[in-house]
Amino acid sequence: MSKITLDQQIAAMELECVNTRGSLAIFKDNIAKKRADPILLNHKQQHLEELYAVLKTLKWLLQNEQKIKSTLT
């Protein structure tokens, strides 16, 4: 298995955030149509917030990659 770069990880996380945000919008629509249980809404919203936190961390790592590497060597 080849190394997955930070750029690739960021792209994957951005895609996951977009997909999850879309899924959440569909879920909210289904709640409005009484096709889904609203009890799960907070969990799904929290999960999206967690994904955005991961994305923010990955972007920070990319911006500071050289500083981090130079500190470790």
Side-chain angles (χ1 to χ4, degrees):
M1 188 163 149
S2 62
K3 180 180 176 184
I4 300 172
T5 67
L6 278 175
D7 285 325
Q8 291 170 313
Q9 291 176 53
I10 289 168
M13 188 53 60
E14 286 174 338
L15 179 60
E16 184 63 24
C17 286
V18 167
N19 288 338
T20 302
R21 192 172 61 230
S23 175
L24 184 58
I26 292 168
F27 188 74
K28 287 179 179 180
D29 187 52
N30 283 334
I31 290 172
K33 294 176 181 176
K34 308 279 191 230
R35 294 181 185 163
D37 189 348
I39 199 161
L40 297 174
L41 183 59
N42 286 339
H43 173 72
K44 291 180 178 288
Q45 289 174 323
Q46 178 66 34
H47 180 65
L48 182 58
E49 290 176 23
E50 292 164 352
L51 292 177
Y52 276 119
V54 171
L55 180 59
K56 183 178 177 182
T57 300
L58 288 171
K59 287 181 176 183
W60 181 89
L61 283 171
L62 182 63
Q63 291 172 349
N64 294 284
E65 183 176 17
Q66 293 307 315
K67 290 179 190 175
I68 294 167
K69 285 181 177 178
S70 67
T71 301
L72 295 174
T73 58

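Each residue takes its place number in the sequence, starting with 1. Reckoned from all heavy atoms, side chains included, excluding hydrogens, waters and symmetry mates.
Applying the side chain to side chain donor-acceptor pair (under 3.5 Å) criterion to T5, with sequence neighbours excluded, gives Q8. Remark: V18 engages R21 in a side chain to side chain contact (heavy atoms under 4.5 Å, CB included) (not counting sequence neighbours). Applying the salt bridge (Lys or Arg N to Asp or Glu O under 4.0 Å) criterion to E16, with sequence neighbours excluded, gives no partner residue.
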Can you give the donor-acceptor pairs under 3.5 Å from side chains of residues 34-51 to other protein atoms, not counting sequence neighbours?
from : atom 1 : to  : atom 2 : distance (Å)
D37  : OD1    : I39 : N      : 3.1
Q46  : NE2    : E50 : OE2    : 3.4

Side-chain atoms of residues 63-70: list all donor-acceptor pairs with protein atoms under 3.5 Å, sequence neighbours left out, distances to 0.1 Å.
from : atom 1 : to  : atom 2 : distance (Å)
N64  : ND2    : W60 : O      : 2.9
E65  : OE2    : K69 : NZ     : 3.2
S70  : OG     : Q66 : O      : 3.2
S70  : OG     : K67 : O      : 2.9

Output a table of donor-acceptor pairs, distance under 3.5 Å, between side-chain atoms of residues 22-30 and any protein atom two or more places apart or on a different chain; print 'none' if there are none.
from : atom 1 : to  : atom 2 : distance (Å)
D29  : OD2    : K33 : NZ     : 3.1

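E14 places no side-chain N or O within 3.5 Å of a backbone atom of L55 that could act as its donor or acceptor partner.
Of the inter-residue distances, the one linking T57 atom OG1 with Q9 atom CD reads 11.5 Å to the nearest 0.5 angstrom.
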